Peer 1: 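Dropping a structure here in structure tokens format, bear with me for questions.
Heavy atoms only: backbone and side chains are in, while hydrogens, waters and symmetry mates are out. Just so we're on the same page: letters track the sequence lines, and every chain starts at 1. Just so you know, these numbers come straight off a predicted model, no measurement behind them.
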Amino acid sequence: MALKLYNTLSGKTENFQPLGDPVKIYTCGLTVQSEPHVGHIRAALVRDILMRWFGQAGYNVLALENFTDVDDKIIEKQKEQKRDWRMIAQDNIDTYLWACDRLNIKRANFYPRASQHMEEIIDLVRRLIDKGFAYEKKGDVYFSVRMLPDYGKLSKKSIDDLMVGARIAPTEAKDDPLDFTLWKAAKPGEPYWFSPWGNGRPGWHIECSAMSMRYLGETFDIHTGGEDLIFPHHENERAQSFAATGKPFARYWMHNGWVTLTGEKMSKSTGHYTPIKEVLQKYSANVIRMFMLKTHYRKQLSYDDERLDEARAALSTIKTYLDNATNKFGEICETSKPAMLGEFTDAMDEDLNTSRALGVVYELIKKGNEEDTPEIAASVKYYVSLLGFVVEKPLFSEPHKDVMAIVTSVRERLAKEGMTDLVGEMAGNFLDMLERSDASGLRPALINLLLMIRNRFRREKKYELADFIRKKLLKINIIVDDQSIDVSTYRSNTK
RNA sequence: GGCGGCAUAGCCAAGUAGCAAGGCGGCGGUCUGCAAAACCGCUAUUCGCCGGUGCAAAUCCGGCUGCCGCCUCCA
């Protein structure tokens, strides 16, 4: 595979070679003390696209995404909200997974939680103490940063630079202010686990090392997460893992740019964020995906309703093209030889350049509108699904009761106007339809029946009756567009 | 103070040495009972500013300005 990925560790775009099959990916997921926001979704989407692209190339993927469900912040929340930390964690995990499913984000294979891997965590801390990289002080265990010569390599920081600007709270117990906590003694009333150093809980970074080793082994292929995790989280993960095993930890480090809101980074600690729940109330999964994929994953992305509206418009170009193609050619088939495959593949292989890949899709649509072939439509559908958009047949699977009600009211209206012939014809068509359609096909069939009658009125210049039907359909969010004197199409008015 | 990233049309956004992808918006057209929609065409002689290297620079080098971030919890 010719995939190239930007590796934070080297600061370069490198050819990707997996260690073996499956490709092993670890994603730093949420610390679940508060609700997931748009930024978290962006990180999840990077993994989603990566998994889809590997899948397309014929690779198996083993993906892990962790939940850090016990840390200082969630304990604070427990005190504030007077709710058990486990409940808080579960709520936020539920919301997150619900949102991911709604957004058609591929699930990881496992979602391990820190609180459920104490044995591995304690074991890893013990190894670090045994090897002399960590020390215990009054029930706390710290990692000794200076023991590791290349500490800072990932975040391109040097220990001495860090020292100069150190805003790190000087802790009496630490040998060096930069040392970080592996295990933290519990205060009264805090959740704790038994350990050789007394009752306590893990520090922030250790769970990722412990859990990735447990499920992916000591060395794995790709570590993903938000750019804000590079330091200190990933630097520390890398340090402690390497210290414990003597082997390289993650081979490729991928970091996505953050999402900003009014020019500033979204961050749950400052409350400056948009919950994904809220976004999903306003925009569809496809729109949100388009909004994110329009920009390369490593770039900063500004969250703004205007951008989402723009994404919706951009998406509708694709949707309309596919709808029109379906009207012309019938169901769009699968394709094994998509057009412009080279261009699309080059874009995706170049560090998942979805922005460029979408450009290819639009070029293809233009071509499709000129040449009008089912092959191009099939290619567009192929690429769009590959990028994780949901390409559903519009309106087809919705219940048909509302349309049925319109059919009835139209019949009543016709009867009132004394058009009994037409009422009879409608009834005949209707029975015919019931016989031939299954439940999912009935709705479009009924709509088409209404449009057929309406076009008859249009030909006869009975515009008042034609508009009557159009208005009725609009009430159930179906917009009718007249293409010519006897062809009308409809589309959904929903976002 | 240290370290890092970004700056491309009205807006968003690819491109990182060889004639500036794409999207949104706008304008013009085709079509049309109306209304839309759709489609077609046009929409940056120039890439924050100043210098330098090259036959050739948005792209490389140096300097400057502006914005964002990390060094404390963060996707």
Peer 1: Starting at CD1 of A:I479 and ending at P of B:A38, how long is that distance when rounded to a whole Å?
Peer 2: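 So the two atoms are 10 Å apart, to the nearest Å.
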Peer 1: Using a 6.0 Å distance limit plus a 45 degree cone around the ring axis, check whether A:K12 lies over the aromatic ring of A:Y6.
Peer 2: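 No, cation not above the ring by the 6.0 Å, 45° rule.
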Peer 1: With respect to the side chain of A:R491, which nucleotide from B:C34, B:A37, B:C24 is positioned closest?
Peer 2: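 Closest of the options to the side chain of A:R491: B:A37.
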Peer 1: Hey, is the side chain of A:T31 poking within less than 4.0 Å of OP1 or OP2 on B:A75, counting only N and O atoms?
Peer 2: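 Answer yes for this pair, as a side-chain N or O of A:T31 is under 4.0 Å from OP1 or OP2.
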Peer 1: Calculate the interatomic distance between A:K73 atom NZ and B:U72 atom P; express it in whole Å.
Peer 2: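 These atoms are roughly 13 Å apart.
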Peer 1: Going by the rule ring-ring contact (aromatic ring centres under 6.0 Å, His included), which residues pair with A:F54 if we only count those two or more places apart in sequence or in a different chain?
Peer 2: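 With sequence neighbours excluded, A:F54 shows a ring-ring contact (aromatic ring centres under 6.0 Å, His included) to A:F16, A:Y59, given in chain and number order.
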Peer 1: Can you check the A:F180 CZ to B:C71 C1' distance for me, whole Å?
Peer 2: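 Going from CZ in A:F180 over to C1' in B:C71 covers 15 Å.
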Peer 1: Output every pair passing salt bridge (Lys or Arg N to Asp or Glu O under 4.0 Å) with a member in residues 259-277 of chain A, not counting sequence neighbours, ordered by first then second residue.
Peer 2: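 For residues 259-277 of chain A: A:D228-A:K265.
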Peer 1: Could you work out the separation of B:A9 and B:A13 based on their C1' atoms and round it to a whole Å?
Peer 2: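 B:A9 and B:A13 have their C1' atoms separated by 11 Å.
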Peer 1: What distance, rounded to whole Å, do you find between the two C1' atoms, one in B:U45 and one in B:A57?
Peer 2: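 Nearest-Å result for B:U45 against B:A57 at atom C1': 15 Å.
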Peer 1: Applying ring-ring contact (aromatic ring centres under 6.0 Å, His included), can you list everything that pairs with A:F180, at least two apart in sequence or on another chain?
Peer 2: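 With sequence neighbours excluded, A:F180 shows a ring-ring contact (aromatic ring centres under 6.0 Å, His included) to A:F143, A:H205, given in chain and number order.
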Peer 1: Give one of base, sugar-phosphate or nothing for A:E363, where a contact means two heavy atoms less than 4.0 Å apart.
Peer 2: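 If one applies the 4.0 Å heavy-atom cut-off, A:E363 turns out to touch the sugar-phosphate alone, with no base involved.
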Peer 1: Please identify each residue that fulfils ring-ring contact (aromatic ring centres under 6.0 Å, His included) with A:Y111, with sequence neighbours left out.
Peer 2: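 Result, ring-ring contact (aromatic ring centres under 6.0 Å, His included) vs A:Y111: A:F67.
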Peer 1: Can you work out whether A:M266 or A:Q483 has the more 5'-proximal nearest nucleotide on RNA chain B?
Peer 2: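 Result of the comparison: A:Q483.
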Peer 1: Does the structure show A:Y463 stacking with B:G33, if we require the centres to be closer than 5.5 Å and the planes to be within less than 30 degrees of parallel?
Peer 2: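 The ring of A:Y463 is stacked on B:G33.
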Peer 1: Would you kindly give the NZ-to-P distance between A:K77 and B:C73, to the nearest whole Å?
Peer 2: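 About 15 Å, once rounded to whole Å.
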Peer 1: Just compare B:A75, B:G22, B:C34 and give me whichever is closest to any side-chain atom of A:Y362.
Peer 2: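 Nearest to the side-chain atoms of A:Y362, counting from C-beta on, is B:G22.
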Peer 1: Using the benzene-type ring in the case of Trp, are the ring centres of A:F242 and A:F249 under 6.0 Å apart?
Peer 2: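 No; A:F249 has its ring centre 6.0 Å or more from that of A:F242.
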Peer 1: Paired stems touching RNA chain B, three or more consecutive Watson-Crick or G-U pairs with both distances under 3.5 Å?
Peer 2: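 If one scans RNA chain B for consecutive Watson-Crick or G-U pairs, the stems found are B:1-7 with B:65-71, B:10-12 with B:22-24, B:25-30 with B:38-43, B:48-52 with B:60-64.
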Peer 1: Any chance you could list the contact pattern along nucleotides 6-19 of chain B? Use B for base contacts, S for sugar-phosphate-only contacts and - for none, protein heavy atoms under 4.0 Å, 5' to 3'.
Peer 2: SS---BSSSS----
Peer 1: Given B:A75, B:G33, B:G23, identify the nucleotide with an atom nearest to the side chain of A:K268.
Peer 2: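 Of the candidates, B:A75 comes closest.
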Peer 1: Looking at A:D467 and B:G33, is any side-chain donor or acceptor paired with a base atom of the opposite kind under 3.5 Å?
Peer 2: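 For A:D467, whose side chain was compared with the base of B:G33, there is a donor-acceptor pair (under 3.5 Å).
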Peer 1: With a cut-off of 3.5 Å and sequence neighbours excluded, list every side-chain donor-acceptor pair involving residues 37-44 of chain A.
Peer 2:
residue : atom : partner : partner atom : Å
A:H37   : ND1  : A:G39   : N            : 2.9
A:H40   : ND1  : A:H37   : N            : 2.8
A:R42   : NH1  : A:G257  : O            : 2.8
A:R42   : NH1  : A:W258  : O            : 3.4
A:R42   : NH1  : A:K299  : O            : 2.6
A:R42   : NH2  : A:H296  : O            : 3.1
A:R42   : NH2  : A:Y297  : O            : 3.4
A:R42   : NH2  : A:K299  : O            : 2.7

Peer 1: Identify whether the glycosidic angle of B:G33 places it syn (within 90° of 0) or anti.
Peer 2: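 Because its glycosidic torsion lies more than 90° from 0, B:G33 adopts the anti conformation.
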Peer 1: Of all residues at least two apart in sequence or in a different chain, which pass the salt bridge (charged side-chain N to carboxylate O under 4.0 Å, His left out) check with A:K73?
Peer 2: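 Not a single residue meets the salt bridge (charged side-chain N to carboxylate O under 4.0 Å, His left out) criterion with A:K73.
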Peer 1: Which part of the nucleic acid does A:K156 contact within heavy-atom distance under 4.0 Å: base, sugar-phosphate only, or nothing?
Peer 2: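 Sugar-phosphate: the residue A:K156, judged by heavy atoms under 4.0 Å, touches backbone atoms but no base.
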Peer 1: Can you sort out the partners of A:Y215 under ring-ring contact (aromatic ring centres under 6.0 Å, His included), two or more places apart, ordered by chain and number?
Peer 2: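 So A:Y215 forms a ring-ring contact (aromatic ring centres under 6.0 Å, His included) with A:F110, A:H117.
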Peer 1: Taking for each residue the nucleotide of RNA chain B with the nearest heavy atom, is it A:S267 or A:A313 whose nucleotide lies nearer the 5' end?
Peer 2: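 Whichever sits nearer the 5' end wins; that is A:A313.
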Peer 1: Let's test your reading of the model: under 3.5 Å, does the base of B:C24 pair with the side chain of A:R312 as donor and acceptor?
Peer 2: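 Answer no: no donor N or O sits under 3.5 Å from an acceptor.
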Peer 1: In whole Å, I'd like the distance from the CG atom of A:L50 to the C1' atom of B:A75.
Peer 2: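 Interatomic distance, CG of A:L50 to C1' of B:A75: 15 Å.
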Peer 1: So A:G263, base contact, sugar-phosphate only, or nothing? Heavy-atom distance under 4.0 Å.
Peer 2: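 Sugar-phosphate, backbone atoms only, no base.
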Peer 1: Consider the side chain of A:H37, meaning its heavy atoms from C-beta on, and name the nucleotide among B:A75, B:C73, B:G33 that approaches it most closely.
Peer 2: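 Looking only at heavy atoms from C-beta outward on A:H37, the closest nucleotide is B:A75.
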Peer 1: Using side-chain heavy atoms (C-beta onward) and a distance below 4.5 Å, is A:L473 in contact with A:Y490?
Peer 2: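 Contact flag for A:L473/A:Y490 side chains = no.
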Peer 1: Identify, with sequence neighbours excluded, every residue that meets salt bridge (charged side-chain N to carboxylate O under 4.0 Å, His left out) alongside A:D482.
Peer 2: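 Salt bridge (charged side-chain N to carboxylate O under 4.0 Å, His left out) list for A:D482, sorted by chain: A:R454, A:R458, A:R470.
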Peer 1: What is the per-nucleotide protein-contact pattern of nucleotides 39-44 of chain B, from the 5' end, where B denotes a base atom under 4.0 Å from a protein heavy atom, S denotes such proximity for sugar-phosphate atoms only, and - denotes neither?
Peer 2: SSS---
Peer 1: Categorize A:V360 for me: base, sugar-phosphate, or nothing, with a 4.0 angstrom heavy-atom threshold over every strand shown.
Peer 2: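 Since no nucleic acid heavy atom lies under 4.0 Å of A:V360, the category is nothing.
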Peer 1: Look at the side chain of A:S269 and decide which nucleotide, out of B:C73, B:A75, B:G69, has an atom nearest to it.
Peer 2: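 Among B:C73, B:A75, B:G69, the one nearest the side chain of A:S269 is B:C73.
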Peer 1: Does A:S10 offer a backbone N or O that forms a donor-acceptor pair with the side chain of A:K153 under 3.5 Å?
Peer 2: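 Not confirmed, A:K153 side chain does not pair with A:S10 backbone.
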Peer 1: Sequence neighbours excluded, which residues qualify as side chain to side chain contact (heavy atoms under 4.5 Å, CB included) partners of A:V141?
Peer 2: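 Counting only residues at least two positions away or on another chain, A:V141 forms a side chain to side chain contact (heavy atoms under 4.5 Å, CB included) with A:V125, A:I129, A:A134, A:E136, A:L182, A:W183, A:W197.
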